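Start at 1 and go down the list; that is how both ligands and their atoms are numbered. Numbers here simply count residues along the sequence, with the first being 1. Given the structure is predicted, the values throughout are model-derived calculations rather than measurements.
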Amino acid sequence: MSRLSNTALKSTLSALHYSGLGALFAPWTRGVGAILMLHQVNPQPVAAFEPNRILRVTPDFLGAAIRHCLELGYDFVSMDELRARLLDPVPGRRYLSVTLDDAYRDNLTYAVPIFRRYGVPFTIYAPVDYLDGGGELWWLAFERVLAIQTSIDLDVGGRKFSKPLRTTREKDAAFHNIYWHLRTIDEVDARRIVRELCDRNAIDLGAQCKSLVMSWDEIRDIAADPLATIGAHTCRHVAMAHLTTDDARTELTRSIARIEQELGKPCRHFSYPYGDSLAAGPRDFDIAREVGVATAVTTRKGLIHQHHASSLTSLPRLSMNGDYQQARYLKVLLDGAPFSALGITSRLKSRLALTTPTARP
Ligand SMILES: [Zn+2]
C-alpha cells in the first residue's frame with residue numbers, strides 16, 4: 001500500500017471517528033466481533049525504508065489496544081471459544097480473538113507478557129519447518145537486499161525489472177512492484193530468486209530464521225500456558241493455492257501432525273500463509289474442512305459476523321497494521337463501516353477487474 005493511499009485511508013478513518021458516523025452505523029456493520037491479526041511485536045524504531053513495517057506493532061500499542069477493547073466491552077476469547085460462540089451464539093456479547101502468524105521470537109519476549117497481564121487468550125500459527133531453523137523469511141530478506149543496494153536488475157518469471165534504488169521512494173516502489181510479481185509466480189522459483197539475491201549480498205537466510213523465529217522449546221513453553229493456542233501455518237510457509245491438491249493437503253496435515261507430536265496435544269486451528277485470494281481459495285478451504293480443522297483464518301479483511309458459522313475454514317481477520325497504531329483507527333475498524341465500504345468498493349473493482357492485493361505474509 002502506498003504512502004499516499006495510507007494517508008487517504010487514515011483521513012477516512014479519522015473522519016469516521018470524529019464525525020461519529022462509524023459509531024452511527026456500527027449496529028448494522030460491526031457483527032459479533034473480530035479476529036485480530038499480528039505478526040511481529042517489538043519496540044524497534046521503524047527504519048526510513050521498511051515496507052514490512054506493516055507487519056510490526058509496538059508492545060505499547062498492543063497494550064493500549066487491549067485496554068481500549070476491554071473498555072469498549074469486548075470479551076477476549078480463544079479460537080476454540082470463538083468457534084463455540086459462532087455455533088452457539090451468546091446474545092449481547094461481542095468478542096475478539098488475538099492471533100499471531102509466523103511464530104516470531106519477539107512474540108514470546110514482548111507480546112506474551114502483555115497477554116498474561118490482561119488475561120487475554122491468544123493463538124500463534126507456526127510454520128513448522130521454521131521452528132526447525134530451516135525457514136526462509138524471504139519477504140524480510142528481500143527488503144534487506146533493497147536496503148543495501150543502489151539499483152536492481154532482476155528477471156522474475158520472464159519479466160525484467162531494472163530499478164534504481166537510490167532513495168527511499170525508489171526502494172519502496174521497487175519493493176512493492178517486485179514483491180507482488182514474486183507472489184504471482186511459482187513459489188519455488190520466487191524463493192530461488194530471493195535466495196540468489198541473498199547469496200550475492202551476504203545475507204544468511206538460515207541465520208535470519210534462527211534469530212527471528214522461535215524454537216520448539218520456546219513454543220512448548222508458551223503452549224503450556226492455558227491462555228495459549230498453537231495453530232499450524234503449513235510446513236514451508238507456502239501459498240497453498242499454488243500447489244496441487246495433494247501437496248496442499250500434505251502441507252496442512254503434516255504441519256498439524258508435527259505440532260501435535262511436538263506439543264503432545266491436539267492442534268485444531270490453521271492459518272493460510274499469505275492468506276489472500278492469491279494464496280488460498282475455495283479448494284483450500286474445502287481441504288481444511290475435510291481434514292477436520294476446527295477453524296482456519298485468512299488475511300482477507302473483515303469482521304466476524306454470525307454467518308461465518310457456516311464458513312469456519314475461511315475466516316477473515318482485522319490486521320493490527322504497523323501503519324495504523326492508533327486506538328481510534330481500531331475503534332472505527334471494529335465498528336465495521338470501513339469494511340462495508342470496502343466490500344462495496346471491491347465488488348465494484350472486481351466487476352471492473354481492478355482488484356489490487358494488499359495482504360501480506
Ligand atoms: Zn505467515
Side-chain angles (χ1 to χ4, degrees), residues 35-42 50-57 79 97-108 111 122-143 175 179-180 182-184 187-188 190-191 194 205 208-216 218-219 222 229-243 248 251-252 254-256 258-259 267 269-281 284-285 287-288 293 295-301 313-322 357-361:
I35 303 170
L36 304 178
M37 175 175 69
L38 294 151
H39 290 81
Q40 287 187 278
V41 180
N42 65 58
E50 190 186 340
N52 287 302
R53 68 184 179 277
I54 61 172
L55 303 173
R56 192 158 71 78
V57 301
M79 287 303 293
S97 195
V98 178
T99 65
L100 306 98
D101 285 11
D102 303 340
Y104 288 102
R105 179 166 288 117
D106 63 16
N107 295 180
L108 172 60
F122 59 94
T123 300
I124 293 177
Y125 297 108
V128 297
D129 287 358
Y130 287 51
L131 302 185
D132 293 324
E136 293 178 328
L137 297 161
W138 66 266
W139 53 95
L140 293 175
F142 182 56
E143 174 187 285
F175 182 91
Y179 171 88
W180 284 112
L182 285 165
R183 285 282 315 281
T184 65
E187 193 159 349
V188 172
R191 293 202 182 194
V194 175
L205 280 159
Q208 183 190 44
C209 177
K210 289 189 186 78
S211 159
L212 293 178
V213 175
M214 285 185 272
S215 66
W216 282 107
E218 288 167 316
I219 279 285
I222 292 179
T229 298
I230 307 300
H233 198 39
T234 71
C235 300
R236 297 174 291 153
H237 197 285
V238 283
M240 284 174 61
H242 293 195
L243 303 178
E251 278 286 342
L252 198 156
R254 275 199 187 154
S255 61
I256 286 175
R258 182 76 196 283
I259 288 174
C267 173
H269 302 278
F270 183 77
S271 165
Y272 303 96
Y274 314 104
D276 55 18
S277 55
L278 284 175
D284 308 304
F285 307 151
I287 291 173
V293 164
T295 71
V297 293
T298 67
T299 60
R300 297 175 191 198
K301 298 173 179 61
T313 58
S314 55
L315 297 172
R317 286 190 285 177
L318 170 55
S319 172
M320 292 182 74
N321 183 309
T358 53
R360 296 288 298 281

Can you tell me which N/O/S atom of His237 has the shortest distance to the Zn ion (ligand 1)? NE2

So, is His39 placed with an N/O/S atom under 2.8 Å from the Zn ion (ligand 1), counting both backbone and side chain? no

Please tell me whether Trp138 and Tyr179 form a close aromatic pair, meaning their ring centres lie under 6.0 Å apart. yes

Are the aromatic ring centres of Trp139 and His237 under 6.0 angstrom apart? yes

Taking the six-membered ring for Trp, is the centroid-to-centroid distance between Tyr125 and Phe270 below 6.0 Å? no

Of the non-hydrogen atoms in Ser319 and Met37, which two are nearest, and what is the gap between them? CB-CE, 3.5 Å

How is the N/O/S atom of Asp102 that comes nearest to the Zn ion (ligand 1) named? OD1

